[in-house]
**Q** 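Dropping the structure in here first, questions after.
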Amino acid sequence: MNPIIANLLTEPVGVSHYVVVGAFMFTCGVLCMATKRNALGILMGIEMVLNGANLNFIAFGSRYLRNDANSLGLDGQLISLFVIVLAAAEAAVALAIVLNFYNNTGSIDVDGADQLRG
Amino acid sequence: MDPSWLPKLLALAWLTPLASFVLILFFGKHMGSHGKGAGLLATTAIVFSAVCSFTALFGVWLPNHPLQDASHHSAQHEEVDSHAGVSVPIRLVAAEAEGYGHAGHATGEHGEHANNAAPKYITADWYELGVFGKLKLTIGYYIDALTVAMFCMVSLIASCVHIYALGYMHDELHDFTDPEVTLTSGENLKRPGRYYRFFQYLSLFCFSMFGIVIAGNIAMVFVFWELVGICSYFLIGFYIERKSASTAANKAFIVNRVGDFGMLIGLMALWSSLGTFSFGDMTNEQGEVTEQGMFSLLRTEENDYHLQPTAGMVFEGDRFPECNCATGGSGDTASAGEASGSGELHAKPPTKNHAGQWLLLVAGVGIFCGCVGKSAQFPLLTWLPDAMEGPTPVSALVHSATMVAAGVYLVGRFFPVLSPEALLVIAYTGCITLFVAATIAITATDIKRVLAYSTISQLGYMMLALGLGGWIAGMFHLITHAFFKSLLFMCSGSVIHGVHTNDMTEMGGLRKKMPITAYTMLVGCLAIIGAGVPLMGIGFSGYYSKDAIIEQAFSFGVSNPRHWILQWAPVAGAFITAFYMFRLWYMTFAGKPRNQERYDHAHESPRVMTAPLVLLAVFALGVGWAFPGTNLKVTNLLEQARPVGTLVTSHGELLPALVIPNEHDAHNFLVPAGLWAFGTAASGLLLATMIYLWDFGLRPEELKRTFKPLHSWLWNKWYFDEIYEWIFIKPTKMFSGWISWIDRNIFDSIIHSSAAICKGGSKVVDAIVDRTLVDGTVNTLARGTWDTGLWLRKIQTGSLRQYVMFIAAGTILLFVAISFVQNI
Amino acid sequence: MDAIYWPSFFFLLFSFIACAFALGVLLAKNIVRMAFYLVLSLSSTAGLFFLAGADFVGAMQLMIYVGGTLVLLIFGVMLTSQERFIEMRTSSGEWVVAFFIGLMLFFTLGKAAFGVAAWSGLDRETAEAVQVEQTVTPLAMGLLGARVDKLDEPDAAKQEGMAGYLFQFEIVSVHLLVVLVGAAYLARAKRKASGASAGGS
Amino acid sequence: MAGLINDFLNWLPLGWPVAHDSWLGLLIAGVVHIALILQLVAVSALVFIWLERKISGRIQDRLGPTRVGGKFGWLQTLADGLKLLTKEDLTPDGADKMLFKIAPYVSFCASIAAFIAIPFAGGVYPWIAQHLNTGVFFVLAVMGLEVFGVILAGYSSASKWSLFGAMREAAQVVSYEVPLGMCVVVPVLIAGSLDMVVIGDRQAGLFTNWLVFHDPFTFVTACVYFTCAMASVNRAPFDLAEAESELVAGFHTEYSGLRWSFFFMAEYGSMFAVSILAAILFFGGWHGPVPITSMLGLSGEVGSIGWGLAQAIGLANVLLKGTIGVCVMIWVRWTLPRMRIDQVMTTCLKYCTPIAAAMFLGATLWQYKLPGKNFFGILDLPEAAYEVSEGWQREDASDVGGEDRIADVGANRTHGNNTKGWR
């Protein structure tokens with residue numbers, strides 16, 4: 001087997017690997033926001049972005065991935081807890097906005113929401 | 001067998017097609033009805049050539065030169081390097097060429113030095129055409145591993161194409177009605193079939209191609225170079241009655257002349273300074289060198305095989321006594337180059353004479369000009385797509401696998417003569433070509449034109465590889481590409497044969513009608529995009545060669561950050577290649593039929609056509625592999641022919657910062673290059689699949705509409721034809737027009753103009769002072785403000801999703817900017 | 001070959017699932033399927049949290065995120081029960097632009113991820129020697145303002161700065177309350193009369 | 001566990017050595033755990049369905065099944081299962097095929113996964129598939145996922161009835177998670193840990209130590225918990241999702257055969273899970289009302305026969321209490337009429353939530369004012385309670401930055417007062 005693939009299986013993964021996964025989820029989330037016309041799809045994109053960020057916090061705070069003075073330690077987990085909670089709050093507000101938008105326009109297509117166009 | 005058989009066997013392989021040509025020339029019309037026997041004769045001849053070539057390879061060359069595993073050596077090499085800490089130029093052991101010399105002296109000497117030594121070759125003259133003072137024109141040979149490999153490749157593909165053409169050209173066996181030529185009477189042209197003539201040209205072409213490969217000196221190369229050109233002319237213009245075909249033939253011929261002009265200049269520069277045309281050293285029976293060839297003159301053993309101008313190349317040497325022009329003057333240009341590269345340029349006395357380097361540059365670039373023409377590189381790339389007017393077997397043989405590859409071959413053969421600066425020119429040409437051609441291929445809908453642009457792009461890859469110092473990479477890609485591209489062309493020919501159209505927009509779903517063609521073509525497509533398992537080293541043939549090129553590009557890019565574009569262009573090219581090749585495959589074979597009538601009448605081609613497809617598919621799949629259990633592998637064979645210049649890290653003389661890296665260093669970039677190549681190819685494939693196969697929401701028509709300007713830019717082939725029309729043709733016509741106009745109207749115009757000047761003068765004052773200056777300033781200001789406002793307004797789209805895109809793009813830009821700042 | 005290091009294996013497994021379903025969310029056309037994929041993706045991310053030793057956060061992730069997504073799903077079904085909303089296409093051009101920007105973004109981020117040497121992971125012995133630690137109590141204490149995990153911090157300046165997260169916790173709590181009230185206010189049912197005028201405009 | 005198995009394998013004359021940390025043992029241990037949990041859910045479903053028929057029959061003055069399998073018709077469920085297996089597996093035409101097919105498995109998996117973190121016997125070496133120190137939380141979170149299967153099923157069936165059922169279910173489950181969570185927090189608060197093993201062992205001794213009798217507030221909390229648990233697993237009177245009088249069969253209208261039976265297994269599995277959770281949180285877990293095992297001196301070294309017997313008795317306790325809980329649910333189902341959806345929501349938002357919040361406050365106050373005392377404890381019963389606390393405590397409050405450390409859960413059990421701990 002190739003050394004790189006073998007190493008992935010036999011050596012502990014590091015912060016880098018977590019960050020790459022986080023980056024992937026982040027990118028997917030951004031693209032989701034950029035390509036979905038459904039307002040709920042955009043919300044899901046936001047959830048994914050936040051989740052990708054969370055993954056980074058957890059990774060930077062984990063003692064299994066990186067054990068040095070620069071590690072975030074418990075702060076990483078605390079911050080990600082806040083992120084999760086605030087994400088829930090944000091989802092509630094966003095849903096309310098979406099609902100309002102739907103009540104006003106009869107549609108949840110965000111492309112219809114371009115009254116601020118220049 | 002004894003090595004003295006080598007020239008004999010290859011000469012036999014070379015001359016058999018010539019015999020076939022002569023026979024068909026005189027008796028072709030009488031060989032069966034419309035010359036049916038001519039086809040068989042030509043095919044037999046080329047198969048015989050192939051047999052000879054392979055006998056030469058397996059019977060003579062390999063027994064005398066057992067293959068070494070190159071990768072094993074490179075590993076050792078890396079170890080040595082890492083121990084030394086820096087990349088030291090390896091002190092090369094003595095070339096064995098002298099001891100080798102004429103046939104019969106094969107000592108079988110090889111072993112651990114094989115990698116570092118000058119390649120082993122046999123060279124001699126067969127026949128002296130004439131001696132004019134110092135100028136000696138001869139017919140000779142220069143045979144090394146590359147020659148043998150090329151012989152095998154060319155003869156094998158040519159055999160397949162011949163067999164294929166037996167079936168493909170059967171329309172020509174009887175009176176032929178050309179549906180594309182309409183006479184003034186409104187009827188279609190009816191003419192007797194020209195089956196025999198086709199094979200006559202093919203035989204002549206094979207002869208000429210073999211001639212280029214076997215040639216022992218550059219003058220002989222030039223002769224066969226032109227012969228190949230004329231064959232190409234004949235074959236493109238095979239349907240001479242068609243306007244498009246005859247125009248294309250002319251275009252190909254004329255464009256090639258432009259390149260050959262440069263080649264002649266290069267030839268003269270070389271000859272006038274070196275006094276010889278021969279590649280290698282001539283030896284007598286005792287093995288003493290009687291006459292040095294170009295390679296050993298320019299890269300002497302004493303100088304670690306670094307390129308150094310010879311005494312004859314430096315003008316007015318007396319005026320600059322300090323210059324290190326003499327052969328003994330081991331003030332060593334290479335080390336001087338390094339020193340100046342490290343910023344001590346001003347410390348040196350300003351008497352350094354670069355004339356020799358300039359001359360080498362002129363010679364190298366001049367020779368390369370010929371290759372630009374033949375290999376359809378930028379800016380002379382317009383003729384190759386038009387050459388698709390010829391019958392498909394011709395496209396497969398001449399315009400993809402062999403003739404256009406001759407340019408690459410010549411650059412490879414000439415490698416020791418090329419200075420780093422010339423290599424840089426080559427690399428940039430290849431880089432531009434590969435990108436331009438690949439982008440054009442995205443929008444083309446003619447199946448053969450897509451392949452033609454793909455060919456140009458792949459040739460660009462090879463040139464790029466050579467220009468970056470990746471000799472093995474380029475030559476290896478030349479060979480793998482020959483196999484899969486001829487396969488692709490023959491598959492497209494099979495499709496055209498079955499559907500009777502070139503237009504991909506009328507195809508679709510043909511997979512079910514012609515399965516053999518479809519799946520062999522799939523093999524070809526996978527091979528050209530370099531499909532393989534990353535890091536595992538298992539893949540189609542293109543996987544190995546393309547990865548090698550990208551590795552070399554990475555290696556080069558790391559040594560020369562300034563030329564980063566040369567590093568990333570092949571990566572981008574891999575993405576585009578994967579996209580357009582699978583676009584082609586999906587449009588042709590997958591999905592639903594777009595033209596039901598054509599689909600209903602489509603049929604699989606006869607066995608005489610599909611059999612070569614299968615054979616070539618096997619080669620396209622496996623030509624990069626080692627024969628199981630042995631070292632028998634194309635790269636190992638090429639390794640034996642590696643020219644001396646590629647295993648040293650060389651520095652530019654004129655551009656001191658330029659570094660052409662040692663090719664073995666490329667292995668350090670195995671992992672990133674492999675991953676990048678795989679990633680880009682996979683994403684290109686994915687994109688093509690999403691657009692053309694899955695009903696995913698990406699529709700080609702919609703894309704075409706959205707990117708209208710881009711699409712028409714590519715559809716019109718970057719306006720190359722139009723530009724040439726405007727730059728070269730129109731001015732010529734206009735210039736002559738002007739002359740006549742002046743001639744006729746000179747007097748009148750003088751009188752009229754004097755009146756007009758008065759009138760115009762007052763108008764000008766009015767226009768300039770009053771309207772333009774006074775009004776204009778005010779209006780321009782107002783207009784500018786207004787326009788800026790309007791333009792800025794566009795950014796404010798109000799669309800949430802676009803804002804997200806702006807943010808993402810802004811992030812990326814910020815990142816890039818920061819990384820730049822940090823680098824400074 | 002060395003023995004397989006199981007946490008790494010599970011990391012690969014979970015991250016593959018998470019990434020695959022994240023891609024699924026991006027590519028799916030149907031809003032309900034998107035939600036379904038999102039749930040799977042977030043759940044496997046919770047698995048990644050567990051692997052990194054953050055078990056409480058992982059459980060929170062399962063409970064709140066996944067539960068929150070559940071609400072999203074309900075709204076998705078409610079609002080998009082009309083056929084025309086279930087699948088809304090984006091023009092191909094935007095997809096292609098997004099594709100390239102996404103590609104660049106990912107490579108930029110990925111390059112950064114591998115740019116720091118200290119991030120490349122512990123060696124096997126060190127990683128196996130890391131003690132399992134309880135996270136719940138320290139987390140709760142942290143939220144209540146006492147950093148029991150850093151009691152032996154020698155640097156006095158740093159000790160000053162780790163007063164815990166009590167204040168933030170309070171702010172978030174109040175914030176949540178405000179958000180709930182605000183959301184309820186925003187999403188309240190329209191009066192009959194105003195609803196009619198909104199429909200007419 | 002894995003290490004033990006590996007050592008055993010190594011001892012067997014297999015012909016090749018097995019390392020102490022080989023993957024083989026991990027695999028076998030995993031398979032054993034999965035098999036145990038699966039069979040528990042499957043067998044309990046069999047029993048409960050039969051039980052439901054018998055009990056409902058008796059409540060309605062009927063006999064229930066009598067024929068299959070002899071005396072009490074106890075093989076009736078198995079016969080039904082066979083019938084379901086042979087039924088045709090239908091997928092409606094307009095359905096979202098992928099989601100339709102996957103939905104039952106989602107429910108079933110969520111229901112089973114909850115058992116991973118549920119302990120069946122406590123002590124130093126508890127009988128539990130995966131000992132999580134956030135066990136309660138994990139179980140709640142995973143059980144919350146079950147509703148996903150239901151919603152997906154309702155949506156993908158392309159039927160109005162199914163969709164209505166799913167929407168009701170979603171609204172109901174999301175709402176009831178709030179009071180449920182609050183109720184669960186109360187025992188967690190008292191035990192000072194999210195670890196179910198700790199919570200269970202906190203209730204060792206006489207039944208007076210059970211948390212339901214800890215104080216009046218916990219008693220009410222237990223009642224509220226059970227109500228909310230019934231609602232969150234969709235049992236009558238809260239089974240709006242499958243109200244057959246209005247919605248044909250609710251979310252599983254379009255299902256038949258094996259897929260349908262997966263929903264059923266999921267439902268009974270969750271019933272059992274919430275009942276066991278109730279038993280562990282409030283009703284002493286694996287400790288019987290009277291500490292027989294310690295009276296008999298059945299505690300010993302881990303692995304000894306006495307220990308095994310004690311653990312087995314604990315297991316029997318948990319299963320019995322769980323079964324009693326399920327029986328209560330069955331009893332409620334066949335005696336109370338189904339509520340309307342608005343009544344369901346009112347019950348949750350206007351009654352359960354405020355009551356749970358008040359009880360939470362009350363329990364907190366009790367902990368503050370009467371630390372370490374339970375209801376019977378203020379009556380001054382001797383040595384009735386002992387404190388169990390995970391985590392951080394200071395031997396000496398004045399010694400700042402001293403000996404604080406992570407304490408092992410099992411080892412850190414201290415008798416007596418624990419008021420010096422952090423609060």
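Chain A is the first sequence line, chain B the second, and so forth, proteins listed ahead of strands; every chain is numbered from 1. This is a predicted model, so every value here is computed, not measured.
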**Q** Tell me, side chain or backbone of C/Phe106 under 4.5 Å from chain A's heavy atoms, or both, or neither?
**A** both
**Q** Could you list the residues that satisfy ring pair (Phe, Tyr, Trp, His ring centres under 6.0 Å) with C/Phe49, not counting sequence neighbours?
**A** none
**Q** For C/Phe169, does the CZ atom have more than 12 heavy-atom neighbours from other residues, nucleotides or ligands under 6.0 Å away?
**A**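 Open.
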**Q** Apply side chain to side chain contact (heavy atoms under 4.5 Å, CB included) to C/Phe16 and C/Leu12, showing your working.
**A** CA-CA 6 Å; C/Phe16 177 74; C/Leu12 286 183; over 6 Å; no
**Q** Name the option with the most non-hydrogen atom pairs under 4.5 Å to chain A; the candidates are C/Ile101, C/Leu51, C/Thr108.
**A** C/Leu51
**Q** Under the ring pair (Phe, Tyr, Trp, His ring centres under 6.0 Å) criterion, do A/Tyr18 and A/Phe60 qualify, and how do the steps go?
**A** CA-CA 9 Å; A/Tyr18 267 78; A/Phe60 285 126; 10.0 Å; no
**Q** Where on A/Phe24 is there a heavy atom nearer than 4.5 Å to chain C: the side chain, the backbone, both, or neither?
**A**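 Contact with chain C is through both the backbone and side chain of A/Phe24.
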**Q** A/Leu55 versus chain C, heavy atoms under 4.5 Å apart: side chain, backbone, both or neither?
**A**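 Contact with chain C involves both backbone and side-chain atoms of A/Leu55.
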**Q** Looking at A/Val93, A/Val13, A/Val21, which has the largest count of heavy-atom pairs under 4.5 Å with chain C?
**A** A/Val13
**Q** Under 6.0 Å between the ring centres of C/Phe50 and C/Phe14?
**A** no
**Q** Shorter than 4.5 Å, heavy atoms on both sides: which option in A/Leu78, A/Val20, A/Val19 has the most such pairs with chain C?
**A**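 Between A/Leu78, A/Val20, A/Val19, the count favours A/Leu78.
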**Q** Looking at chain C, which one of A/Leu31, A/Val30, A/Val85 has the largest number of heavy-atom pairs inside 4.5 Å, strictly under?
**A** A/Leu31
**Q** Side chains of residues 20-27 of chain C: which donor-acceptor partners sit under 3.5 Å, not counting sequence neighbours?
**A**
none

**Q** Counting heavy-atom pairs under 4.5 Å to chain A, which of C/Ser41, C/Cys19, C/Gly110, C/Gly102 comes out on top?
**A** C/Cys19
**Q** Taking every non-hydrogen pair under 4.5 Å, which of A/Ala88, A/Gly76, A/Gly29, A/Cys28 racks up the most with chain C?
**A** A/Cys28
**Q** Which one of C/Leu103, C/Val97, C/Leu176 has the most heavy-atom pairs closer than 4.5 Å to chain A?
**A**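 Ranked by contacts with chain A, first place is C/Leu176.
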**Q** Just do the side chain to side chain contact (heavy atoms under 4.5 Å, CB included) check on A/Val110 and A/Lys36 with the steps written out, would you?
**A** CA-CA 9 Å; A/Val110 290; A/Lys36 302 286 180 198; over 6 Å; no
